[in-house]
Amino acid sequence: MNVIWLIFGGLFVALAYFIAGIIWCITIIGIPFGLQSFKFASLSLAPFGRHVDSNPSRHIIANVIWLILFGWYTAIGFLIGGILICITIVGIPFGLQLFKYAKLALMPFGAEIH
């Protein structure tokens, strides 16, 4: 499933998040956001068989800033994409992965990927 994921967009998404992470890390203030982008890039390469554990209380201020600037609309995009993909029976496993991204997109600071 991870190979199919990579072929149909996972590699592109990982590359986009990796480039965004590099751009964020160019500035000193953006380094924490860049590190979260690298977290998304890592998950984009192989989401099947991985689990996201969220602990937003560890970095409350950073999560609130992320939520205001990026989180809410990114999570909504992943949620809508997951619902649309889950309409087909074949797409259900891929839609479930997008729900995992939506969870991570809301508050990535303090989240761990296992």
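Worth knowing before you read on, the calculation uses all heavy atoms, side chains too, and leaves out hydrogens, waters and symmetry mates. These figures come from a predicted structure and were not determined experimentally.
Placement of Ile76 and Phe70 within a single hydrophobic cluster is found when ILVMFWY residues are connected by side-chain heavy-atom separations under 4.5 Å, directly or transitively. Cluster membership for Ile7 and Leu11, using ILVMFWY side-chain heavy atoms within less than 4.5 angstrom, is not shared. With hydrophobic clusters built from ILVMFWY side chains whose heavy atoms lie under 4.5 angstrom apart, Phe78 shares a cluster with Met1. Criterion: ILVMFWY side-chain heavy atoms under 4.5 Å apart, direct or through other members. Under it, Val90 and Val3 are not part of a common hydrophobic cluster. Linking ILVMFWY residues whenever their side-chain heavy atoms come closer than 4.5 Å, directly or via other members, leaves Trp72 and Ile83 in distinct clusters.
Under a 3.5 Å cut-off, the side chain of Asp53 and the backbone N or O of Glu112 do not form any donor-acceptor pair. No donor-acceptor distance shorter than 3.5 angstrom exists from the side chain of Asn55 to the backbone of Gly110, with no hydrogens or angles considered.
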Chi angles and distances behind the side chain to side chain contact (heavy atoms under 4.5 Å, CB included) call for Val64, Ile68: CA-CA 6 Å; Val64 168; Ile68 292 169; 3.9 Å; yes
Pair Phe48-Gln97, side chain to side chain contact (heavy atoms under 4.5 Å, CB included): steps then yes or no: CA-CA 7 Å; Phe48 289 93; Gln97 301 312 307; 3.5 Å; yes
Verdict with supporting geometry, Leu79 and Leu98, side chain to side chain contact (heavy atoms under 4.5 Å, CB included): CA-CA 7 Å; Leu79 185 64; Leu98 290 177; over 6 Å; no
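Minimum interatomic distance between Lys100 and Val52 (heavy atoms only, all atoms of both residues): CG-CG2, 3.5 Å. Of all the heavy atoms in Arg50 and Leu43, the pair that sits closest is NH1-CA, 3.6 Å. Here the shortest heavy-atom pairing between Phe40 and Ala105 reads CZ-CA, 3.5 Å. When all heavy atoms of Pro108 and Asn63 are compared, the closest pair comes out as N-OD1, 3.4 Å.
Inspection of the Ser44 and Tyr101 side chains reveals an N or O donor paired with an N or O acceptor under 3.5 Å.
Note that CG of Leu104 and OG1 of Thr74 are 10.5 Å apart. Values are rounded to the nearest 0.5 Å. Annotation: the span from Ile85 atom CD1 to Phe8 atom CZ amounts to 11.5 Å, rounded to 0.5 Å. A distance of 11.0 Å separates CG of Leu106 from CH2 of Trp66, quoted to the nearest 0.5 Å.
Looking at Leu96 and Phe99, their side chains come closer than 4.5 Å, going by heavy atoms from C-beta outward.
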For residues 16-36, run the donor-acceptor check on the side chains, cut-off 3.5 Å, and write out each pair with its distance to 0.1 Å, sequence neighbours left out.
{"from": "Thr27", "atom 1": "OG1", "to": "Trp24", "atom 2": "O", "distance (Å)": "3.1"}
{"from": "Thr27", "atom 1": "OG1", "to": "Gly30", "atom 2": "N", "distance (Å)": "3.0"}
{"from": "Gln36", "atom 1": "OE1", "to": "Lys39", "atom 2": "NZ", "distance (Å)": "3.0"}

